[in-house]
K.L.:
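Dropping a structure here in structure tokens format, bear with me for questions.
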Amino acid sequence: MTAVEDRKVTGFEDNDRKPVGHGRMLRKEDPRLIRGKGRFVDDLQLNGMLHLAILRSPMAHGRVVNVDISAAQAHPKVKLVVTGAMLAEKGLAWMPTLSNDVQAVLATDKVRFQGQEVAFVVAEDRYSARDALELIDVEYEQLEPVVDVRRALDPSSPVIRTDLDGKTDNHCFDWQTGDEAATDAVFAAADVIVTEDIVYPRVHPAPMETCGAVADYDAVEGRLTLWSTTQAPHAHRTLYAIVAGLPEHKIRVISPDIGGGFGNKVPIYPGYVCAIVGSLLTGRPVKWVEDRSENLTSTGFARDYIMRGEIAATKDGKILAIRTNVLADHGAFNGTAAPVKYPAGFFGVFTGSYDIEAAYCSMTAVYTNKAPGGVAYACSFRITEAVYLIERLVDCLAYDLKMDSAELRLKNLLRPEQFPYTSKTGWIYDSGNYEPTMREAMRIAGYDELRREQAEKRQRGELMGIGVAFFTEAVGAGPRKDMDILGLGMADGCELRIHPTGKAVVRLSVQSQGQGHETTFAQIVAEEIGIPPADIDVVHGDTDNTPFGLGTYGSRSTPVSGAAAALVARKVREKARIIASGMLEVSVADLDWDKGSFHVKGDLTKSVTIQDIAMKAHGAGDLPDGVEGGLEAQICYNPENLTYPHGAYICVVDVDPGTAQVSVRRFIAVDDCGTRINPMIIEGQIHGGLTDGVGMALMEIIAFDEDGNCLGGSLMDYLIPTALEVPDWETGFTVTPSPHHPIGAKGVGESATVGSPPAVVNAIVDALKPFGVRHADMPLTPSRVWDAMQGNARPPV
Amino acid sequence: MQVPAPFEYERATSVDQAIGLLDRLGDTARLVAGGHSLLPMMKLRLANFEYLIDINDLSDVLGYITVEPTQIRIGAMARHRELLESAELGRAFPIFADAEKVIADPVVRNRGTLGGSLCQADPSEDLSAVCTTLNASCVIRGRDGDRVVTMEEFHRGPYETAVGDAEMLTEVRFPLRPNGASAYEKVERRAGDWAVVSSGAAVWLDGDVIADARVGLAAVGPNTAGLPEISAMLTGQRPSEELYEQAGIIAARSCNPVTDMRGSEEYKRHLAKELTRRALRRSVNRINEGS
Ligand SMILES: Cc1cc2nc3c(=O)[nH]c(=O)nc-3n(C[C@H](O)[C@H](O)[C@H](O)COP(=O)(O)OP(=O)(O)OC[C@H]3O[C@@H](n4cnc5c(N)ncnc54)[C@H](O)[C@@H]3O)c2cc1C
């Protein structure tokens with residue numbers, strides 16, 4: 001044994017426990033990923049493969065007058081050049097978005113955002129394809145862009161979506177929820193009303209791996225194989241079948257290792273369609289992988305909500321009602337990925353974790369000359385915006401009432417006996433026990449001591465802030481009676497097969513982008529069937545080899561697919577029980593299950609293991625009457641409700657009074673995601689999400705200049721945090737199982753991204769209290785913090 | 001992957017050969033040192049050159065840090081990392097380690113060079129501010145031999161230097177004077193980001209009065225050249241908080257920052273003041289700690 005292996009690493013010892021079921025264990029996929037043996041889309045090399053590059057619009061709004069491709073076609077290594085007009089001839093110039101809007105694959109009439117796809121080149125190598133783009137001569141007639149979202153609906157604003165019949169403005173949709181009259185009545189009678197304008201700026205998921213695809217069309221078989229960076233391979237296949245008119249059984253979508261998704265890889269992008277068209281027209285495999293700037297400027301952004309929030313309360317701090325008005329910037333096409341009946345995603349949970357009397361939201365969404373997208377970046381379908389709104393409002397109320405922000409929350413949290421709780425906007429919170437979670441966070445933080453320290457520091461002119469946030473999420477979309485994406489119900493299939501020697505393969509309909517599915521799902525099955533996780537292979541991300549389902553986003557994998565995996569394992573176990581009863585010659589009622597074996601009640605010596613049963617199921621000799629051979633099952637799980645994880649976060653910051661630089665000193669995150677399958681993986685998800693949250697709070701924004709040029713087109717301009725900006729995370733947990741999930745688990749992938757931005761912002765605003773600051777918008781860069789200190793806090797857009 | 005336009009590539013084997021190539025190829029050619037400024041621009045196709053002349057094989061001849069009795073000479077190919085780690089340089093000019101710690105990240109610092117930094121002449125460049133603060137001079141070699149210019153002469157404006165088409169920067173010289181110390185203060189939005197504003201200061205004491213003091217700023221407009229008004233104001237005075245404050249006020253009004261994603265003009269002026277004050281204070285404290 002080497003010295004390195006001998007060394008004990010504190011905190012990691014229990015990773016080696018190798019539980020047969022739930023528990024802390026190292027991730028099965030990591031040896032591959034850590035040793036550079038992961039297989040990503042861009043790693044794929046096929047014989048005769050060509051390379052595709054996309055010409056993009058240099059301006060935000062313009063009419064396409066002429067596209068001259070002759071010089072590009074003459075490039076010796078170029079095989080194909082395609083324009084919007086050429087796609088239009090094949091009826092492929094436009095495609096549906098996930099929100100029943102349409103989006104241009106290649107611009108035909110107008111360009112509507114900087115970075116929009118205008119033409120593509122397919123060449124023998126990546127360099128030549130890129131060089132040839134410069135040989136395409138596009139004549140544009142520049143049009144006035146709509147950049148300022150607040151002016152999008154001005155009658156004087158140019159109309160962006162002239163492609164839509166009869167469109168005379170930039171209105172996208174209106175949406176409302178809650179009871180307006182009841183809310184107004186509560187507001188009218190309330191002691192205290194606090195109003196604040198709160199902006200959640202446009203940010204970008206910026207996954208480490210950009211988007212890309214390799215399309216390989218076999219003209220003889222009429223089969224298309226598409227390797228692509230997708231979080232939802234099955235849904236994508238169905239859409240390709242509908243859009244491209246290819247029969248669905250002749251399309252295979254493979255989503256190999258994915259280098260981060262965060263919602264960025266939910267939509268179908270024009271580049272994927274271009275790669276398919278490129279392969280159809282050249283008869284060769286075609287690879288398209290976007291570069292960093294393309295990813296940042298043209299793919300699904302997140303947020304971009306301008307919110308006016310109002311909170312009504314009694315003067316001793318009982319929250320009575322919430323009212324909000326939202327202006328949503330959807331960019332040039334409504335590419336939001338959300339269940340059809342939820343155009344604003346799950347923003348309706350903006351009532352948060354509090355026991356209130358009434359709530360109302362009205363929202364207007366508009367088109368602007370910016371990249372499309374809408375729901376992305378670990379946001380649980382807009383819950384990020386909702387939680388930010390309510391958690392900022394509660395702090396504004398605490399400020400006005402001069403109450404401690406933790407006390408104010410404790411006073412208003414829903415009580416355990418209220419669950420299942422129907423919110424004033426109609427969401428049914430499955431379970432929750434909030435106060436212990438809040439108290440645990442305060443205990444870890446040493447909350448009272450921190451407040452004492454802060455008071456002392458204020459005496460000395462030092463700026464220290466303590467931010468509290470409490471969130472409830474609604475994840476695991478979703479019950480098919482309410483939730484579908486373009487008509488596809490949000491249920492997920494799962495298939496489990498036990499091989500004769502007792503090893504197993506489980507096939508999932510969801511796809512991992514780094515969440516550790518190969519481990520978690522093996523553990524879920526292991527817990528139910530008693531086969532060690534190492535003996536269970538998890539297959540995912542290949543439509544030919546997995547059952548149908550809607551994919552991984554909105555923290556839905558464990559709530560939906562995880563339930564399917566547990567139930568399919570139970571189904572197999574029930575069959576195993578019948579076979580065991582034959583082997584032990586007792587009735588099924590006389591058998592007890594002991595995680596991995598059945599034994600005769602009261603006699604532990606008479607038992608058969610699941611491995612014995614597997615061999616019997618496939619082996620010689622008769623099985624009990626009516627039992628088929630083999631040991632396998634398949635199910636499709638339709639969730640009864642969403643799951644509602646919650647958490648309490650406390651952030652401590654120090655602000656340099658001279659430079660206004662913020663340093664995040666501590667961050668305490670106590671999460672309750674119900675049953676914890678692999679605590680190490682949960683902590684990993686939390687750590688990543690908290691880092692995201694610090695990034696959004698302090699530095700991330702996709703901004704535009706007045707001409708609509710994107711100012712965040714590289715990672716030098718669009719900043720994401722490094723290890724130096726984040727503290728050592730302090731995590732804790734409580735466990736309130738979901739009553740309807742078969743193993744009581746709730747989603748957790750996005751909790752930290754949802755809960756942390758308000759905690760960080762609340763901490764900074766708290767630090768600035770001596771300056772009379774009640775609110776300041778993200779991103780809180782040193783300059784913007786300094787502005788707030790001067791009494792000039794300004795919205796970022 | 002971002003890919004540059006086609007170009008020819010040659011590795012220089014000596015300084016003279018590199019200059020010969022530059023002479024022959026004219027302004028279609030560029031030297032590439034660490035490549036951390038040049039290559040990103042080429043990959044984004046903001047800059048296209050027909051020829052790149054790689055001078056990394058010259059790092060043996062141009063990678064030195066030589067301490068002499070009255071000056072320190074640093075070769076143009078000295079890497080950020082070497083400047084950061086040199087104990088001798090750190091003793092003489094602590095401003096180098098202060099600045100290098102906050103320039104980019106280790107990957108960039110392993111390759112990026114002093115020469116490339118100065119020749120890029122980005123107004124946000126930290127080493128230019130350091131060199132200005134230390135009153136450095138630059139040795140430029142052409143076909144006819146060396147010429148030596150001051151920092152004021154070297155930087156002609158943003159992205160423009162005194163280095164001609166068939167010339168290269170070979171060395172930077174820093175005069176050594178007794179009883180001095182220096183410091184660098186930078187505000188960035190995130191580790192590895194370019195400065196919102198930075199300020200360098202160097203102070204030399206004679207007994208308990210300031211014999212000379214210099215301040216150099218970065219990221220506050222085209223001209224990072226020294227602020228003679230500050231030097232004049234400080235010289236002959238006893239160091240004090242009021243004095244640093246006054247120097248800061250001069251710094252704030254002498255610079256030309258613009259509002260951008262890094263910050264507002266107002267904030268940047270405020271930083272010029274605050275950071276100048278801090279850098280002066282730290283320099284003086286260092287002298288006092290050393291004595
Ligand atoms: C992510 C990132 C972050 C950064 N952050 C910072 C920062 O915070 N602060 C900072 O100051 N810098 C920063 N930089 C810039 C970095 O310091 C560069 O390395 C440096 O500016 C250029 O040095 P180089 O050797 O890489 O030059 P190159 O890129 O090789 O060359 C730059 C220019 O100088 C010319 N040149 C190079 N050497 C000579 C010579 N000897 N004679 C004549 N001309 C020459 C080249 O032809 C070219 O035009 C950052 C860079 C990156 C990529």
Side-chain angles (χ1 to χ4, degrees), chain A residues 42 51 53 125-131 133-134 210 212 287 289-295 656-662 694-695 698-705 711-726 779-790 792 794 796, chain B residues 1-7 36-37 40-46 48 101-102 104-108 122 124 185-199 219 241 244-245 248 257-279 281:
Chain A
D42 204 13
H51 296 265
D125 60 71
R126 198 172 267 185
Y127 288 83
S128 304
R130 182 65 185 76
D131 291 346
L133 295 184
E134 278 160 36
T210 59
K287 179 188 278 186
V289 177
E290 68 189 2
D291 65 30
R292 179 62 58 192
S293 298
E294 292 180 289
N295 180 256
D656 183 323
T659 62
Q661 279 174 297
V662 174
V694 168
L698 298 187
M699 62 191 81
E700 296 185 33
I701 181 171
I702 293 282
F704 295 84
D705 69 13
L711 302 177
S714 83
L715 292 181
M716 298 279 281
D717 304 303
Y718 186 76
L719 298 183
I720 49 180
T722 73
L724 296 178
E725 279 74 39
V726 297
L780 288 166
T781 59
S783 182
R784 293 178 51 76
V785 172
W786 188 76
D787 286 345
M789 287 163 66
Q790 313 306 307
N792 294 328
R794 280 181 287 242
Chain B
M1 185 174 67
Q2 263 142 339
V3 293
F7 59 86
H36 273 294
S37 291
M41 291 196 307
M42 291 177 66
K43 286 165 123 191
L44 292 167
R45 299 196 179 211
L46 297 171
N48 293 332
K101 262 183 232 153
V102 290
D105 49 49
V107 177
V108 173
D122 187 313
S124 302
E185 296 280 346
K186 173 176 175 176
V187 167
E188 49 190 7
R189 293 172 299 173
R190 186 205 65 190
D193 188 24
W194 291 81
V196 178
V197 170
S198 21
S199 175
E241 281 300 320
Y244 308 150
E245 164 93 13
V258 292
T259 297
D260 59 15
M261 293 300 288
R262 288 199 165 72
S264 63
E265 181 199 325
E266 264 178 301
Y267 173 64
K268 290 181 183 182
R269 280 193 200 280
H270 164 76
L271 281 186
K273 172 175 151 191
E274 177 66 23
L275 299 185
T276 296
R277 181 160 59 179
R278 289 183 184 192
R281 182 190 299 140

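Residue numbers start from 1 in every chain, and the chains themselves are labelled A, B, ... in the order their sequence lines are given, proteins ahead of strands. Keep in mind the model is a prediction, meaning the values are calculated, not measured. No hydrogens, no waters, no symmetry mates; every other heavy atom, side chains included, goes into these values.
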K.L.:
I'd like to know whether A:T781 forms a side-chain contact (heavy atoms from CB on, under 4.5 Å) with B:M261, so could you lay out the CA-CA distance, the side-chain angles of the two residues, the decisive distance to 0.1 Å, and finally the verdict.
P.N.:
CA-CA 9 Å; A:T781 59; B:M261 293 300 288; over 6 Å; no
K.L.:
When rounded to the nearest 0.5 angstrom, what distance separates CG in A:L698 from CZ in B:R190?
P.N.:
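One finds 12.0 Å between CG of A:L698 and CZ of B:R190.
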K.L.:
Looking at chain B, which one of A:Q661, A:M699, A:E290 has the largest number of heavy-atom pairs inside 4.5 Å, strictly under?
P.N.:
A:Q661
K.L.:
Is A:D705 close to chain B through its backbone or its side chain, or both, or neither, when contacts mean heavy atoms under 4.5 Å?
P.N.:
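The answer is neither part of A:D705.
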K.L.:
Which answer fits A:E294, side chain, backbone, both or neither, if we ask what part of it has an atom under 4.5 Å from a heavy atom of chain B?
P.N.:
neither
K.L.:
Just by distance, do the side chain of B:H270 and the backbone of A:T659 share a donor-acceptor pair under 3.5 Å?
P.N.:
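No; judged by distance alone, with no hydrogens or angles, the pair does not exist.
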K.L.:
Can you tell which of B:E188, B:R189, B:E266 has the highest number of heavy-atom pairs within less than 4.5 Å of chain A?
P.N.:
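The option with the most such pairs is B:R189.
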K.L.:
Could you tell me which residues satisfy ring-ring contact (aromatic ring centres under 6.0 Å, His included) with A:H51, sequence neighbours excluded, listed by chain and number?
P.N.:
none
K.L.:
Tell me, for A:L719 versus chain B, whether the close heavy atoms (under 4.5 Å) come from the side chain, the backbone, both or neither.
P.N.:
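Contact with chain B involves both backbone and side-chain atoms of A:L719.
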K.L.:
What residue in B:P40, B:A5, B:P6 has the most heavy-atom pairs under 4.5 Å with chain A?
P.N.:
B:P6
K.L.:
Kindly compute the distance separating OG (B:S264) from CZ (A:R794), expressed to the nearest 0.5 Å.
P.N.:
6.0 Å
K.L.:
Of the backbone (N, CA, C, O) and the side chain (C-beta and beyond), which part of B:E185 lies under 4.5 Å from a heavy atom of chain A, both, or neither?
P.N.:
neither
K.L.:
Please classify the contact of A:M716 with chain B as side chain, backbone, both or neither, using a heavy-atom distance under 4.5 Å.
P.N.:
both
K.L.:
Mind running side-chain contact (heavy atoms from CB on, under 4.5 Å) on B:R45 and A:D131 for me, showing each step along the way?
P.N.:
CA-CA 10 Å; B:R45 299 196 179 211; A:D131 291 346; 2.7 Å; yes
K.L.:
For A:D42, is it the side chain, the backbone, both, or neither that has a heavy atom closer than 4.5 Å to a heavy atom of chain B?
P.N.:
neither
K.L.:
My understanding is that only residues two or more places apart in sequence, or in another chain, count here; which of them pass ring-ring contact (aromatic ring centres under 6.0 Å, His included) with B:Y244?
P.N.:
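Partners of B:Y244 by the ring-ring contact (aromatic ring centres under 6.0 Å, His included) criterion come out as none, since no residue qualifies.
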K.L.:
At a heavy-atom separation under 4.5 Å, does B:Q2 approach chain A through its side chain, its backbone, both, or neither?
P.N.:
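Answer is both: backbone and side chain atoms of B:Q2 are under 4.5 Å from chain A.
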K.L.:
In sequence, state the C-alpha distance, the side-chain angles, and the governing distance for A:S293 and B:L44, and then conclude on side-chain contact (heavy atoms from CB on, under 4.5 Å).
P.N.:
CA-CA 9 Å; A:S293 298; B:L44 292 167; 3.9 Å; yes
K.L.:
Would you find a donor on one side and an acceptor on the other, under 3.5 Å apart, between the side chain of A:Y127 and the backbone of B:P4?
P.N.:
no
K.L.:
Does any backbone or side-chain atom of B:V3 lie under 4.5 Å from a heavy atom of chain A? Answer side chain, backbone, both or neither.
P.N.:
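For B:V3, backbone and side chain are both near chain A.
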K.L.:
Counting only heavy atoms closer than 4.5 Å, note whether A:P796 contacts chain B via side chain, backbone, both or neither.
P.N.:
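For A:P796, there is no contact with chain B at all, as no heavy atom is under 4.5 Å.
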